2 protein chains.
Amino acid sequence: MFKELNPLLHSELRLAVMSVLISVESADFVFLREQTGATAGNLSVQIDKLQKAGYITVEKGFKGKMPRTTCAITQEGVAAFEEYVAALRSYIGKGI
Amino acid sequence: MFKELNPLLHSELRLAVMSVLISVESADFVFLREQTGATAGNLSVQIDKLQKAGYITVEKGFKGKMPRTTCAITQEGVAAFEEYVAALRSYIGKGI
DNA sequence: TAAAGTAGTTTATAATATAAACCAAATTTC
DNA sequence: GAAATTTGGTTTATATTATAAACTACTTTA
């Protein structure tokens, strides 16, 4: 009847991060913070969880002298996102 | 960019309950438990939250000698569900 | 009448989300 | 050029949430 909703994606902020990353090649921390409206602390934690799940890659480098964290979605991440969306259908029907 | 997801509906079990109730006139506790696969304890708690939010009505009566709890979605509940679905769109795009 | 089942509720615990507090380096202001 | 502010984050403390386990109250069956 109802498909299970991947709890790692069933989180407002993590879902927003994935939503941004699925449509771009990569995005840095500041961009993600701006797009999601999240606090830096919350974003930092959620990025970490997505990375540990293998859904995104996180690279830390420098742009000039300032630190810069760049994130990108993995194939596994794309697959998980698509599966999550498919599972949602079982709750909200075709109405969406 | 991203619309807020009503936290009362952004819960796997509560969403499932609402999803059942939106398509029937009413449903009793046992039916909801069967459809959602939830434990009785969890279902009891989540039904309570939905009722307190005004999204469903809960009537307690008897079927023969056995207690029976009947739930139905309210207009407010329907509106909240539809708004939640609309908000989801901002996260999952046209993909769904 | 004892055991098992039904229909739930209450409560304890673990997991989660979130913001506040913090840190280090860079930049600006006085 | 020292102090204050900003940038780009991380760590940690707290409040909320989800969940199952334990329990209640009653009914049915053996």
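The model shown is predicted, which means the values in this text are computed figures rather than measured ones. Sequence lines set the chain letters: A, B, ... in the order given, protein chains first and strands last, and positions in each chain run from 1.
Candidate nucleotides C:dG8, C:dA26, C:dA7 were compared by shortest atom distance to the side chain of A:K65, and C:dA26 ranks first. When distances run from any side-chain atom of A:L13 to the nucleotides C:dA7, D:dT7, C:dT18, the shortest one goes to C:dT18. Comparing C:dT11, D:dT11, C:dA7 by their nearest atom to the side chain of A:V45 picks out D:dT11.
Distance A:D48 CG to D:dG8 P: 19 Å, rounded to the nearest Å. Rounded to a whole Å, the CG atom of B:L9 is 16 Å from the C1' atom of D:dA18. D:dG9 atom P lies 9 Å from atom CG of A:L43, rounded to whole Å. Rounded to a whole Å, the CG atom of A:N42 is 16 Å from the P atom of C:dA21. In this structure, B:Q51 atom CD and C:dT9 atom P are separated by 10 Å, rounded to whole Å. At whole-Å resolution of the value, CG in A:D28 and C1' in D:dT7 are 12 Å apart. The distance from atom CD of B:E12 to atom C1' of D:dT17 is 14 Å, rounded to the nearest whole Å.
Between atom CG of residue A:L21 and atom CZ of residue A:F81 there is a gap of 10.0 Å, rounded to the nearest 0.5 Å.
Using a 4.0 Å heavy-atom cutoff across all strands shown, A:R68 reaches sugar-phosphate atoms only and no base atom. Residue B:K49 is in sugar-phosphate contact alone, with no base atom involved, counting any heavy-atom pair closer than 4.0 Å across all strands shown. Note on B:V30: only backbone sugar-phosphate atoms sit closer than 4.0 angstrom, heavy atoms only; bases stay farther off. Among the atoms of the strands shown, base atoms are found under 4.0 Å from some heavy atom of B:Q46.
Considering only side-chain N and O atoms, A:S44 lies nowhere under 4.0 angstrom from the phosphate OP1 or OP2 of D:dG9. The shortest distance between the side-chain N/O atoms of A:T69 and the OP1/OP2 oxygens of D:dG9 is below 4.0 Å. Taking only side-chain nitrogens and oxygens, A:R14 comes nearer than 4.0 Å to OP1 or OP2 of C:dA17. The phosphate of D:dT10 (OP1 or OP2) has a side-chain N or O of A:K60 nearer than 4.0 angstrom. Distances shown here put every side-chain N or O of B:T39 at or beyond 4.0 Å from the OP1 or OP2 atom of D:dT19.
Toward the 5' end of DNA chain D, the nearer of the two residues B:P7 and A:M66, judged by each one's closest nucleotide, is A:M66. Remark on DNA chain C: of its neighbouring residues A:G41 and A:L8, the 5'-side contact belongs to A:L8, judged by nearest-heavy-atom nucleotide.
Between the side chain of B:S90 and the backbone N or O of B:K3, at least one donor-acceptor pair lies under 3.5 Å.
Side-chain contact check for B:F29 versus B:I47: some heavy-atom pair is nearer than 4.5 Å. Counting only heavy atoms from C-beta outward, the side chains of B:L50 and B:M18 approach each other to under 4.5 Å. B:D28 has its side chain out of reach of B:T69: every pair of non-hydrogen atoms, C-beta onward, lies at least 4.5 Å apart.
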